[in-house]
Novice: 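Dropping the structure in here first, questions after.
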Amino acid sequence: MSLAVLSSRTLFGLQVRPVQVEVHVGCGLPSFSIVGLPGAGVRESRERVRSALLSSGFEFPAGRITANLAPADLPKDSGRFDLPIALGVLLASGQIADARGQVPEVRHYVLAGELSLTGSIMPADAALAIALSVARDDPQAILIMAPAAAGVAARVPGLRVLSAGGLSEVVAHFTDRAMLPSATPAGHEPADEAPAPCLSEVRGQSAARRALELAAAGGHGLLLSGCPGVGKSMLARRLPGLLPPLTPEQALEVAAVHGLARSRPAWSRVPPFRAPHHGASMPALVGGGARPRPGEISLAHHGVLFLDELPEFGRQALEALREPLETGHVTVARAAGSCTFPARFQLVAAMNPCPCGWHGHPHPRRDCRCSRETVARYRARISGPLLDRIDLHVGLSVESAWLEAPPGEPSAPVRARVLAARDRQLSRQGCLNAELDGVFLDRHSEPDAGGRALLARAVATWGWSARAARRSLRVARTLADLDGCDRVEAAHMAQAIQYRPEESA
């Protein structure tokens, strides 16, 4: 046999596409060529494959070797093609055969792994994303990876994953001498995760605590404003402790995204919490690069994105948040193509009332010296369209007697109320209230006569946009769910209106 055909995968962003690895060994002067738009990491496979074959006790053919990675118009990078190329060289040169002396059957296998010079297999990048793609495209396929990557890939239900430590083990499997073991799922379980900070550590700020519970119950965005030290960051970092654990499907999605950035354990059911510095650029937030990588908003998928000092972020970076806040995904366009990353995150932002931070502080030693124009310019750094997309706007007051205040309510009972409210939403409409739109919003969030009158008056008084009015309806629906009410009442509508002040409408 002078031609061998195997299967592998390549990535562009989070999009995983099949690659057919064709290896031909023919007559001619000794050469080794890799074609099919290979990147630098793939071109270097020639030396790794040569050394791995010799170190594993095989011969390196003396003829003309050509490895084609099809389709040819799809860019390929990474060393994950080392294993299928090496196995293809052995098959095409006739060095391996099964127990019956025939060429082994490899068409149902997908191979992904980088070879070391000794012939051992190193883990491939984005193992979980590859496994999800294989399970979706061909549920009957068998995936072969290094042990560490195979343990991650084995988390995908219904997919058979084999663990191989070296090239010789893969050859032994195909020659029926020793079968490769099935991989067992590996990773962190929820019990292994560090506990989230407790809400009882926050003293006072009852209004902000209520807004935090409301945000957790309905998945709403939250903007906290107040002087330095009033507890904005402290409250935001306690939001993940109020959220339910990720479902197995959500955990797989989050792990697949984080696998591209290597910023998170392979398996965790704790919602991610991301808090980028205010100096982060737009690509750092939304993703980018020649080979697109997810940004902070995608790394916060199914979790919380906390933007402290919101006005200090670049205007371009903040405006880039508008699309994912509405759609739950972000598209990164490059010359080689465009890719879409998931970005269904919950935004929590914090800001000071003015550049110095002391505007409105009651203590005479904390007198604000910012002019009215300076304060206006500072607040204008956040555009109206972005503010319009944040459901809850809460101002934190300075509480001088916080030292004498008793500890606040712990996270556990608050979390129980949040879970109960979320269960009501999911059983009624199949999604959180923050995601309601169109006819479903009208059907499930229609207020009573008093509530409709209050909403109409707010729209007329403050000139609310349709988006602002509909977001208030979503908040009112969550307030009703926390109270266990089937109908949105006037009291719920009145409270929801209070979370959207005139200047943010």
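All values below come from the heavy atoms of this structure, side chains included, with hydrogens, waters and symmetry mates left out.
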Novice: Does Gln346 reach the main-chain N or O of His220 with its side chain, forming a donor-acceptor pair under 3.5 Å?
Specialist: yes
Novice: Is a side-chain donor or acceptor of His258 paired with a backbone partner of Leu299 at a separation under 3.5 angstrom?
Specialist: yes
Novice: Looking at Ser427 and Arg424, would you say the former's side chain and the latter's main chain have a donor-acceptor pair under 3.5 Å?
Specialist: yes
Novice: Enumerate the residue pairs fulfilling side chain to side chain donor-acceptor pair (under 3.5 Å) with a member in residues 23-44, sequence neighbours excluded, ordered by first and then second residue.
Specialist: none
Novice: Working note: Ile96 + Leu87, criterion side-chain contact (heavy atoms from CB on, under 4.5 Å); need CA distance, chi angles, decisive distance, verdict.
Specialist: CA-CA 9 Å; Ile96 58 176; Leu87 189 62; 3.8 Å; yes
Novice: Quick test of your reading: applying ring pair (Phe, Tyr, Trp, His ring centres under 6.0 Å), list the pairs with at least one residue in residues 134-167, sequence neighbours left out, ordered by first then second residue.
Specialist: none
Novice: Would you say the side-chain atoms of Arg470 pair up with the backbone N or O of Gly438, donor to acceptor, closer than 3.5 Å?
Specialist: yes
Novice: Determine whether Leu162 and Val170 make a side-chain contact, defined as any pair of heavy atoms from C-beta on separated by less than 4.5 Å.
Specialist: no
Novice: Can you list every pair that meets ring pair (Phe, Tyr, Trp, His ring centres under 6.0 Å) and has a residue in residues 298-320, with sequence neighbours left out?
Specialist: none
Novice: So, for Pro294 and Leu260, which heavy atoms are closest and what is the spacing to 0.1 Å?
Specialist: CD-CB, 3.8 Å
Novice: With a 3.5 Å distance limit and no angle check, can you tell me whether Ser298 reaches the backbone of Pro342 through a side-chain donor-acceptor pair?
Specialist: yes
Novice: With a 4.5 Å heavy-atom cut-off, do Ile65 and Phe60 have their side chains touching?
Specialist: yes
Novice: Is any side-chain heavy atom of Val348 closer than 4.5 Å to one of Leu305?
Specialist: no
Novice: Do Asp125 and Ser78 meet the criterion of a side-chain donor-acceptor pair at a distance under 3.5 Å?
Specialist: no
Novice: Is there side-chain contact between Leu222 and Ile390, with heavy atoms separated by less than 4.5 Å?
Specialist: no
Novice: Glu326 versus Arg467: any side-chain heavy-atom pair under 4.5 Å?
Specialist: yes
Novice: For residues 49-64, which residue pairs qualify under side chain to side chain donor-acceptor pair (under 3.5 Å), counting only residues two or more places apart or in two chains?
Specialist: none
Novice: Could you work out, with ring-ring contact (aromatic ring centres under 6.0 Å, His included) as the rule, every residue matching Phe58, not counting sequence neighbours?
Specialist: none
Novice: Using a 3.5 Å distance criterion without hydrogens, assess whether the side chain of Gln425 forms a donor-acceptor pair with backbone atoms of Ala217.
Specialist: yes
Novice: Do His444 and Leu436 have side chains that approach each other closer than 4.5 Å (heavy atoms only, starting at C-beta)?
Specialist: yes
Novice: Say whether, by atom type as modelled, one donor and one acceptor occur between the side chain of Ser120 and the main chain of Ser116 under 3.5 angstrom.
Specialist: no
Novice: Answer whether the closest heavy-atom distance between the side chains of Glu114 and Ile121 falls below 4.5 Å.
Specialist: no
Novice: To the nearest 0.5 angstrom, please state how far the CD1 atom of Ile130 sits from the CG atom of Leu159.
Specialist: 11.5 Å
Novice: Using atom types as modelled and distance alone, determine if a side-chain donor or acceptor of Thr10 lies under 3.5 Å from a backbone N or O of Lys76.
Specialist: no
Novice: Any idea which heavy atoms bring Gly151 and Ala183 closest together, and the distance?
Specialist: N-CB, 4.2 Å
Novice: One pair to check against side-chain contact (heavy atoms from CB on, under 4.5 Å): Leu482 and Arg210. What are the steps and the verdict?
Specialist: CA-CA 11 Å; Leu482 284 172; Arg210 172 64 173 174; 3.9 Å; yes
Novice: Give the C-alpha distance, both sets of side-chain angles, the deciding distance and a yes or no for side-chain contact (heavy atoms from CB on, under 4.5 Å) between Arg315 and Ser383.
Specialist: CA-CA 8 Å; Arg315 182 66 175 258; Ser383 69; 3.4 Å; yes
Novice: Could you note down all residue pairs passing ring pair (Phe, Tyr, Trp, His ring centres under 6.0 Å) where residues 108-144 supplies at least one of them, sequence neighbours left out?
Specialist: Tyr109-His173, Tyr109-Phe174
Novice: According to the side chain to side chain donor-acceptor pair (under 3.5 Å) rule, which pairs have a member within residues 156-170, sequence neighbours left out?
Specialist: none
Novice: To the nearest 0.5 Å, how far apart are CE in Met351 and CG in Leu310?
Specialist: 7.0 Å
Novice: Would you please name every residue forming a side chain to side chain contact (heavy atoms under 4.5 Å, CB included) with Asn68, sequence neighbours left out?
Specialist: Glu22, Val35, Ala70
Novice: Once rounded to the nearest 0.5 Å, what's the spacing between atom CE of Met122 and atom CG of Leu83?
Specialist: 13.0 Å
Novice: Any salt bridge linking Arg381 with Glu312? Criterion: basic side-chain nitrogen under 4.0 Å from a carboxylate oxygen.
Specialist: yes
Novice: Using atom types as modelled, flag every donor-acceptor pair under 3.5 Å from a side chain in residues 134-149 to any protein atom, sequence neighbours excluded.
Specialist:
unit_1, atom_1, unit_2, atom_2, d
Asp137, OD2, Ser133, OG, 3.2
Asp138, OD1, Gln140, N, 3.3

Novice: So how far is it from Leu212 CG to Leu224 CG, rounded to the nearest 0.5 Å?
Specialist: 7.5 Å
Novice: The test is side-chain contact (heavy atoms from CB on, under 4.5 Å); show your working for Val25 and Phe32 and say whether it passes.
Specialist: CA-CA 9 Å; Val25 177; Phe32 191 179; over 6 Å; no
Novice: Listing request: all salt bridge (charged side-chain N to carboxylate O under 4.0 Å, His left out) pairs with a residue in residues 413-423, at least two apart in sequence or in separate chains.
Specialist: Glu213-Arg417, Glu409-Arg417
Novice: Looking only at heavy atoms, which two atoms of Ser233 and Asp308 are closest? And how far apart?
Specialist: OG-OD2, 3.1 Å
Novice: Mind listing the closest non-hydrogen atom pair of Gly88 and Leu6 along with its distance?
Specialist: CA-CD1, 3.5 Å
Novice: Determine whether a donor-acceptor pair (N or O, by modelled atom type, separation under 3.5 Å) exists between the side chain of Ser411 and the backbone of Leu199.
Specialist: yes
Novice: For residues 235-249, which side-chain N or O atoms pair as donor and acceptor with protein atoms under 3.5 Å away, sequence neighbours left out?
Specialist:
unit_1, atom_1, unit_2, atom_2, d
Arg238, NE, Cys198, O, 2.9
Arg238, NH1, Met234, O, 2.9
Arg238, NH2, Glu201, OE1, 2.3
Thr247, OG1, Gln250, N, 3.2

Novice: Let me see the working for Ser7 and Arg9 under side chain to side chain donor-acceptor pair (under 3.5 Å), right down to the final yes or no.
Specialist: CA-CA 7 Å; Ser7 180; Arg9 293 293 186 272; 3.3 Å; yes
Novice: What are the two closest non-hydrogen atoms of Gly219 and Ala434, and how far apart are they?
Specialist: O-CB, 3.2 Å
Novice: Can you name the nearest heavy-atom pair linking Cys431 to Glu435, along with the distance?
Specialist: CB-OE1, 3.6 Å
Novice: Working to the nearest 0.5 angstrom, can you tell me the gap between Arg474 CZ and Asn433 CG?
Specialist: 9.5 Å
Novice: Which residue pairs pass the salt bridge (charged side-chain N to carboxylate O under 4.0 Å, His left out) test with at least one member in residues 78-95, sequence neighbours excluded?
Specialist: Arg48-Asp82
Novice: Whether Asp481 and Arg428 form a salt bridge (side-chain N of Lys/Arg under 4.0 Å from carboxylate O of Asp/Glu) is what I want to check.
Specialist: yes
Novice: Using side-chain heavy atoms (C-beta onward) and a distance below 4.5 Å, is Pro283 in contact with Arg293?
Specialist: no
Novice: Look up atom CG in Leu321 and atom CE in Met282, then write down how far apart they are to the nearest 0.5 Å.
Specialist: 10.5 Å
